[in-house]
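Beneath this line is the structure, given in C-alpha cells, with notes to follow.
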Amino acid sequence: MEACTVWVTGAGSGMGRASALAAARDGRPIALSGRRSPQLEEVAEEIRAADGTALVVPLDVTDRAAVRSAAARIEQELGGIEALVLSAGRNAPRRFWRDQELEEFTAITETNLLGPVSVIDAVLPEMRERSAGTIVLISSYAAWRFSPDAGTAYSASKTALGPLAATLNAQEARHGIRACHLCPGDVDSDFLDQRPRVPGAADRAVMLTAEDIGRAVSFVLTSPPHVVIDELVISPAKPDA
C-alpha cells in the first residue's frame with residue numbers, strides 16, 4: 001500500500017519537528033512547513049539521511065493564499081495529503097487583560113485557530129475524494145483544563161481546537177476522515193521562550209520532551225482507520241505530588 005503524505009506545520013522545531021521525524025520513521029513522505037526555512041532544511045536533511053522523503057514548503061499559516069498554494073505544491077510533488085499535523089503555534093509574554101494589545105491578541109488567534117482552519121480547509125476536499133484523512137491538532141493542556149498563566153488569547157484560541165476536532169469527527173467520519181485534539185502539558189522546547197519567565201534547567205528537567213509528543217502523534221497516525229482518538233491529553237509525571 002502506498003504510504004500517505006503527512007503535512008506538518010510548525011515543523012522547524014519542537015513538537016512539529018519531533019512529529020515530522022516520527023512520521024518519517026514510519027515510512028511516510030513528509031511535507032515540512034514553517035516560517036524559518038533554514039530549520040526546515042535541517043529537518044529535511046535528517047529525514048533524507050535516514051532514507052526518508054521530505055519536501056520543504058516554507059509557509060506562514062496566516063497567509064490563506066499561500067496555504068492553498070502550498071497544498072497544491074505538496075499534492076503535485078508528493079501525492080495526495082492523507083494526514084495533517086498542525087503544530088504551528090504562537091503566544092506572547094503579555095498574557096493578562098491589563099497589559100494585552102488587541103493587535104497581538106489577533107495575531108495569536110490567527111496562528112493558533114484560523115491557521116489550522118485554513119490548512120484543513122485547503123486539504124479537506126482532497127481527503128474526501130480519497131476517503132481517507134487523519135488530522136492531528138497539537139493544542140495544549142490549557143485547552144483541556146483552564147490554566148490561568150497560559151494567557152487570554154492563547155487559552156481561548158487553543159480551547160477552540162477541541163470543538164474544531166469534534167465537528168470534523170461528527171461531520172467527516174463518513175468520508176473516512178478523523179481528527180485528534182492532542183493536549184500536551186509542559187514540553188521542553190523553544191516555545192517556552194515566549195513565557196513571561198523562561199523556565200530554567202531544573203524546571204525543564206521534569207517536563208515532557210518534544211519526542212514524547214512525536215511518539216503520541218505517530219500513535220494517532222498509525223492507529224487503524226476505524227479508530228478515532230478524539231482527544232489525547234499528555235502530562236509530565238509529578239513525583240512529588
Side-chain angles (χ1 to χ4, degrees), residues 6-28 30-34 36 39-40 42-47 49-50 52 54 83-91 111-112 116 134-147 149-151 154-155 157-159 161-162 164-165 178-195 197-224 227-241:
V6 180
W7 184 8
V8 183
T9 66
S13 63
M15 293 180 283
R17 175 184 179 277
S19 298
L21 293 173
R25 285 193 292 269
D26 292 333
R28 299 165 185 263
I30 310 297
L32 304 162
S33 285
R36 298 174 293 180
Q39 286 87 340
L40 296 174
E42 289 177 6
V43 180
E45 285 305 312
E46 188 169 347
I47 291 172
L84 294 174
V85 179
L86 303 173
S87 182
R90 181 169 181 164
N91 205 349
T111 299
N112 294 353
T134 303
I135 299 167
V136 182
L137 293 146
I138 296 187
S139 184
S140 170
Y141 193 88
W144 180 70
R145 179 172 293 172
F146 175 65
S147 303
D149 295 333
Y154 184 83
S155 294
S157 57
K158 287 295 188 178
T159 299
L161 296 180
L164 187 62
R178 57 190 180 167
C180 175
H181 183 221
L182 199 160
C183 303
D186 287 337
V187 178
D188 181 11
S189 74
D190 59 0
F191 196 74
L192 297 176
D193 294 341
Q194 301 182 42
R195 289 191 174 182
R197 184 187 69 81
V198 178
D203 290 328
R204 291 172 183 263
V206 295
M207 293 181 180
L208 299 168
T209 67
E211 289 70 29
D212 294 329
I213 309 309
R215 284 191 293 271
V217 169
S218 176
F219 166 66
V220 175
L221 295 182
T222 59
S223 294
V227 174
V228 177
I229 303 168
D230 299 86
E231 190 168 63
L232 183 57
V233 181
I234 308 172
S235 59
K238 299 177 177 60
D240 295 331

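- Residues that satisfy the side chain to side chain contact (heavy atoms under 4.5 Å, CB included) test with Gln39, not counting sequence neighbours, are Arg36.
- For the side chain to side chain contact (heavy atoms under 4.5 Å, CB included) test, residues two or more places apart in sequence or in another chain that qualify with Thr159 are Ala143.
- You'll find the side chain of Leu208 stays beyond 4.5 Å of the side chain of Met15, heavy atoms only.
- The heavy-atom pair separating Thr111 from Pro116 by the smallest distance is O-CD, 3.2 Å.
- Here the side chains of Ile138 and Val217 are in contact, with some heavy-atom distance below 4.5 Å.
- The distance from the CG atom of Leu232 to the SG atom of Cys183 is 8.0 Å, given to the nearest 0.5 Å.
- In this structure Ala179 satisfies the side chain to side chain contact (heavy atoms under 4.5 Å, CB included) test together with Ile135, Ala165, Leu168, Asn169, sequence neighbours excluded.
- Taking Glu211 as the reference, nothing meets the side chain to side chain donor-acceptor pair (under 3.5 Å) condition, with sequence neighbours excluded.
- For Ser139, the side chain to side chain donor-acceptor pair (under 3.5 Å) criterion is met by His181, not counting sequence neighbours.
- Between Tyr154 and Ser140 the shortest heavy-atom distance is OH-CB, 3.4 Å.
- Put simply, the side chain of Arg28 never gets that close to the backbone of Ala83: no donor and acceptor are under 3.5 Å apart.
- Distance OG/Ser157 to CG/Asn91: 7.5 Å, rounded to 0.5 Å.
- Partners of Arg25 under the salt bridge (Lys or Arg N to Asp or Glu O under 4.0 Å) rule, at least two apart in sequence or in another chain, do not exist in this structure.
- Between Trp144 and Glu231, the shortest heavy-atom contact is CD1-OE1, 3.5 Å.
- Residues that satisfy the salt bridge (Lys or Arg N to Asp or Glu O under 4.0 Å) test with Arg178, not counting sequence neighbours, are absent from this structure.
- The distance from atom CG of Leu84 to atom OG1 of Thr9, rounded to the nearest 0.5 Å, is 8.0 Å.
- Annotation: salt bridge (Lys or Arg N to Asp or Glu O under 4.0 Å) contacts of Glu46 (sequence neighbours excluded): Arg17.
- Annotation: side chain to side chain contact (heavy atoms under 4.5 Å, CB included) contacts of Ala54 (sequence neighbours excluded): Leu32, Ala44, Ile47, Arg48.
- Side-chain contact between Thr222 and Asp26 is present, with heavy atoms from C-beta onward closer than 4.5 Å.
- The side chain to side chain donor-acceptor pair (under 3.5 Å) test applied to Ser19 returns no partner, not counting sequence neighbours.
- The two residues Pro236 and Gly185 have their closest heavy-atom pair at CD-CA, 4.4 Å.
- Of all heavy-atom pairs spanning Ser147 and Ser155, the tightest one is O-OG, 3.9 Å.
- Without hydrogens or angle criteria, Ser218 side chain to Gly214 main chain gives no donor-acceptor distance under 3.5 Å.
- A distance-only check finds no donor-acceptor pair linking the side chain of Asn112 to the backbone of Gly89 [under 3.5 Å].
- Taken to the nearest 0.5 Å, the CG atom of Leu182 stands 6.0 Å off from the CD1 atom of Ile213.
- Thr209 pairs by the side chain to side chain donor-acceptor pair (under 3.5 Å) definition with Asp212, not counting sequence neighbours.
- Ile229 places a side-chain heavy atom less than 4.5 Å from the side chain of Cys180.
- Taking both residues in full, the closest heavy atoms of Ala20 and Val43 are given as CB-CG1, 4.5 Å, listed atom of the first, atom of the second, then distance.
- The CG atom of Leu137 lies 5.5 Å from the CG atom of Leu86; values are rounded to the nearest 0.5 Å.
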